[in-house]
Amino acid sequence: MRTGVRSWRWRRNPLRRRSDVVEAWTLLVVAVLLFLVTPLVGVAAGLRAHEQARTLAAAQRAERHQVRAKVVGDRPEQLSSVEGDRAHPYRAEVRWTEPGQRARTAWARVPAGTRTGDVVSVWFDARGRSVAPPPDAAAVLQHAVTVGLCAAGGTAAVVCLGHAVERRIALRHRLAEWEREWARTGPRWTQPLT
């Protein structure tokens, strides 16, 4: 009985209307889009984002270099939320010596809790500016998963919104169809008996 009720829109039936057939086909298309296309869009977007993030991380690793430096000077000062990152929210004056060169001093991003005299790892770009470390494999993967999930969620939202619009249009057509049918049969039912 349950199968018969669910599939009535697909079988020939005098009560079946054109809008019922359109709605049944639309539901099938929406199911295919949600369960096949949406995950594929998410995977494709995630793979593309992963490749781009890996390329960017490799480029950053090539242009940035890490040094072990000793914190000199006063207490580290906190960066604003725009400048800093979570792992290195403070700036301090650091000193290090690269092989074959004299000692250098610069302001660099340092981890929270760093004190004068501590040795920390800091990153510099080719111009000698303090920069955040390049993203590691976990950050690249996290970025790719986030992009993939957002793409899949956005696709699912568009499909569901399209389905809601279609249902509203189908309901309007169905009510117009019923109104036309009632206009033809209504007078026969409402005439007084003689």
Side-chain angles (χ1 to χ4, degrees), residues 1-66 79-89 109 111-112 121-127 129-181:
M1 180 68 179
R2 192 173 199 89
T3 306
V5 171
R6 287 187 180 177
S7 66
W8 71 271
R9 291 181 176 146
W10 294 100
R11 290 183 278 141
R12 289 226 172 269
N13 184 334
L15 298 177
R16 184 184 71 175
R17 308 221 181 268
R18 184 173 171 268
S19 59
D20 296 328
V21 175
V22 170
E23 190 175 349
W25 278 105
T26 303
L27 194 59
L28 181 66
V29 168
V30 166
V32 167
L33 288 174
L34 282 178
F35 296 115
L36 293 178
V37 175
T38 297
L40 290 176
V41 167
V43 167
L47 289 174
R48 181 165 171 80
H50 187 264
E51 187 59 37
Q52 287 177 341
R54 259 189 23 204
T55 303
L56 178 65
Q60 286 181 354
R61 275 193 298 279
E63 73 179 21
R64 297 175 182 186
H65 65 282
Q66 180 183 21
L79 292 171
S80 69
S81 61
V82 175
E83 292 179 293
D85 61 29
R86 286 187 184 145
H88 299 83
R109 298 170 189 218
S121 294
V122 292
W123 288 84
F124 293 99
D125 64 7
R127 290 193 233 160
R129 294 179 303 188
S130 175
V131 293
D136 59 355
V140 169
L141 183 62
Q142 181 182 14
H143 172 73
V145 168
T146 302
V147 168
L149 287 175
C150 288
T155 303
V158 167
V159 168
C160 290
L161 181 65
H163 181 59
V165 168
E166 182 279 328
R167 294 268 320 224
R168 190 163 182 106
I169 292 170
L171 178 63
R172 204 174 288 154
H173 284 288
R174 184 181 304 121
L175 291 176
E177 242 180 292
W178 286 347
E179 191 66 36
R180 283 191 301 273
E181 287 289 323

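The analysis underlying the following values was restricted to heavy atoms, covering all of them including side chains, and did not include hydrogens, waters or symmetry mates.
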S.K.: Are the side chain of Arg109 and the backbone N or O of Trp123 linked by a donor-acceptor pair below 3.5 Å?
M.R.: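 Side chain of Arg109 to backbone of Trp123, a donor-acceptor pair under 3.5 Å: no, none is there.
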
S.K.: Less than 3.5 Å apart, which donor and acceptor atoms pair up between the side chains of residues 26-40 and the rest of the protein, not counting sequence neighbours?
M.R.:
unit_1: Thr26; atom_1: OG1; unit_2: Val22; atom_2: O; d: 2.7
unit_1: Thr38; atom_1: OG1; unit_2: Leu33; atom_2: O; d: 2.9

S.K.: My understanding is that only one of Gln142, Gln60, His143 makes a side-chain contact (heavy atoms from CB on, under 4.5 Å) with Pro135; could you say which?
M.R.: Gln60

S.K.: Given side chains that start at C-beta, do those of Val165 and Arg168 come closer than 4.5 Å, heavy atoms only?
M.R.: no

S.K.: To the nearest 0.5 Å, what is the distance between CZ (Arg61) and CD (Gln66)?
M.R.: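 Result: 12.0 Å between the selected atoms.
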
S.K.: Please name the pair of heavy atoms, one in Pro134 and one in Ala57, separated by the smallest distance, quoted to 0.1 Å.
M.R.: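 Nearest pair, atom of Pro134 first, then Ala57: CB-O, 4.2 Å.
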
S.K.: Decide if atom CD of Glu63 counts as having more than 12 heavy atoms of other residues, nucleotides or ligands within a radius under 6.0 Å.
M.R.: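 Yes, CD of Glu63 has more than 12 neighbouring heavy atoms, counting only those of other groups under 6.0 Å.
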
S.K.: Measure the spacing between CG of Leu47 and CD of Gln52 and express it to the nearest 0.5 Å.
M.R.: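 One gets 11.5 Å once the value is rounded to the nearest 0.5 Å.
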
S.K.: What closest approach, in Å, do Val147 and Ala45 show between heavy atoms, and which atom pair accounts for it?
M.R.: CG1-O, 3.8 Å

S.K.: Quick one, Glu51 with Arg48, criterion salt bridge (charged side-chain N to carboxylate O under 4.0 Å, His left out). Give me CA distance, side-chain angles, the key distance, then yes/no.
M.R.: CA-CA 5 Å; Glu51 187 59 37; Arg48 181 165 171 80; over 6 Å; no

